[in-house]
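Quick note: numbers below take in every heavy atom, side chains included, and nothing from hydrogens, waters or symmetry partners. Everything numeric in this text was worked out from a predicted model, so none of it was measured.
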Amino acid sequence: MATYDKDDRVRVTATFTSGGTDANTDAVATHRKPDTTDTTLSTTNSATGIYYANVDLDQIGTHTIKFTGTTPVKAMEVVELKVGKSVFDHA
């Protein structure tokens, strides 16, 4: 797992397939921060079955992003991102 600096913005991607072929779905992304608050992220469909969301890493700890597909492909993909203190963060 890669480590990011606090206040980085990263793009997280998920791919949904059906029968071995990339397939579009109604994709929703949820961001769980280290303090356990959840936020729904805006997702963008960049190609067939491929979705991304931009995530602001504003807390130190592990951020979890869950992509959920609902219709017609029902599936889930989870990504965890570790955030450490930046060398520029003197607080």
Derivation of the side chain to side chain contact (heavy atoms under 4.5 Å, CB included) call for Thr40 and Val28 = CA-CA 7 Å; Thr40 300; Val28 176; 4.1 Å; yes
Rounded to the nearest 0.5 Å, how far apart are CZ of Phe16 and CG of Asp22?
-> 11.0 Å
Is there a donor-acceptor contact under 3.5 Å from the side chain of Thr43 to the main chain of Tyr51?
-> no
For residues 19-43, the ring pair (Phe, Tyr, Trp, His ring centres under 6.0 Å) pairs (sequence neighbours left out) are His31-His63
Donor-acceptor pairs under 3.5 angstrom involving side-chain atoms of residues 64-79: please list them, not counting sequence neighbours.
residue: Thr70; atom: OG1; partner: Asp26; partner atom: O; Å: 3.2
residue: Glu77; atom: OE1; partner: Thr15; partner atom: N; Å: 3.4

Which residues satisfy the salt bridge (Lys or Arg N to Asp or Glu O under 4.0 Å) test with Arg9, sequence neighbours excluded?
-> Asp56
Evaluate the side-chain proximity of Asp58 to Lys6: yes if any heavy-atom separation is below 4.5 Å, no if none is.
-> no
Interatomic distance, CG@Asn45 vs OG1@Thr25, rounded to 0.5 Å, equals 10.0 Å
Indicate the atoms forming the closest heavy-atom contact of Ser42 with Ala53, along with that distance.
-> O-CB, 3.6 Å
The single option from Glu80, Lys33, Arg32 that satisfies side chain to side chain contact (heavy atoms under 4.5 Å, CB included) with Thr62 is Glu80
Same apolar cluster: Leu41 and Tyr52, side chain cutoff 4.5 Å | no
Check whether any side-chain heavy atom of Leu81 lies under 4.5 Å from a side-chain heavy atom of Leu57, and answer yes or no.
-> yes
Taking atom CD1 of Ile50 and atom OG1 of Thr13, what is their separation to the nearest 0.5 Å?
-> 8.0 Å
